Amino acid sequence: MNWYLEVLRNYAVFTGRARRKEYWYYFLINFLIITALLLIDNMLGTLDPEAGMGLLSGIYALAVLIPGIAVAVRRLHDTDRTGWWVLIALIPIVGPIILIFFLIQDSTAGDNRFGPNPKAVETEIKHP
């Protein structure tokens, strides 16, 4: 849950790097919350089957749109790619597959042009 809250604290921070752990824990918790909200929307009768969203899930999706993009950009920075690569997801079928491939790759070792490796920084904090 801390990883999810950390992403929300860095609401619109598009600089720096994000570990795989940070991105994927955020993704998992976000997925679980949206699933729960869709179930609640369905029970309340506010689910629109054509849109695939309801009132609560739609409001939540809008609220986490910017943090989701920001953490994806920081994750791309961690693999030494510019954040503009997030736009590749707009290409039907192959775009999202390529983006997922980039997001699952390991961090660039050491510092890169986007900052220090977050794994190394976390290890130094825990083991001075």
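Keep in mind it's a predicted model, so treat the numbers as computed, not measured.
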> Should Met53 and Ile59 be regarded as members of a common hydrophobic cluster, given that ILVMFWY residues are connected when their side-chain heavy atoms come within less than 4.5 Å of each other, either directly or indirectly?
Replying inline: no
>> Keeping Arg17 on the side-chain end and Ser107 on the backbone end, is there a donor-acceptor pair under 3.5 Å?
In response: no
>> Quick one: does any side-chain atom of Asn112 pair with a main-chain N or O of His77 as donor and acceptor, under 3.5 Å?
In response: yes
> Asp80: what forms a side-chain hydrogen bond (donor to acceptor under 3.5 Å, both in side chains) with it, not counting sequence neighbours?
Replying inline: Arg113
> Is the closest side-chain heavy-atom distance between Tyr11 and Ile66 below 4.5 Å?
Replying inline: yes
Taking all non-hydrogen atoms of both residues into account, name the closest pair between [X] and [Y] and its distance.
X	Y	result
Val73	Val86	CG2-CG1, 4.4 Å
Trp24	Leu103	NE1-O, 3.4 Å
Tyr60	Leu37	CB-CD1, 3.4 Å
Gly52	Leu47	C-CD1, 4.4 Å
Glu22	Val71	OE2-CG2, 4.0 Å
Ala109	Asn117	CA-ND2, 4.1 Å

> Do other residues, nucleotides or ligands put more than 12 heavy atoms under 6.0 Å from Phe14 CZ?
Replying inline: yes
>> Checking side-chain hydrogen bond (donor to acceptor under 3.5 Å, both in side chains) between Ser57 and each of Asp41, Asn42, Asp48, which is the one that passes?
In response: Asp41
> Which distance, rounded to the nearest 0.5 Å, do you find between the CG of Asn10 and the CG of Leu8?
Replying inline: 9.5 Å
>> What's the separation between atom CD1 in Ile104 and atom CZ in Phe102, rounded to the nearest 0.5 Å?
In response: 11.0 Å
>> Looking at Arg20 and Asp106, is there a salt bridge between them, counting it only when a charged N and a carboxylate O are closer than 4.0 Å?
In response: yes
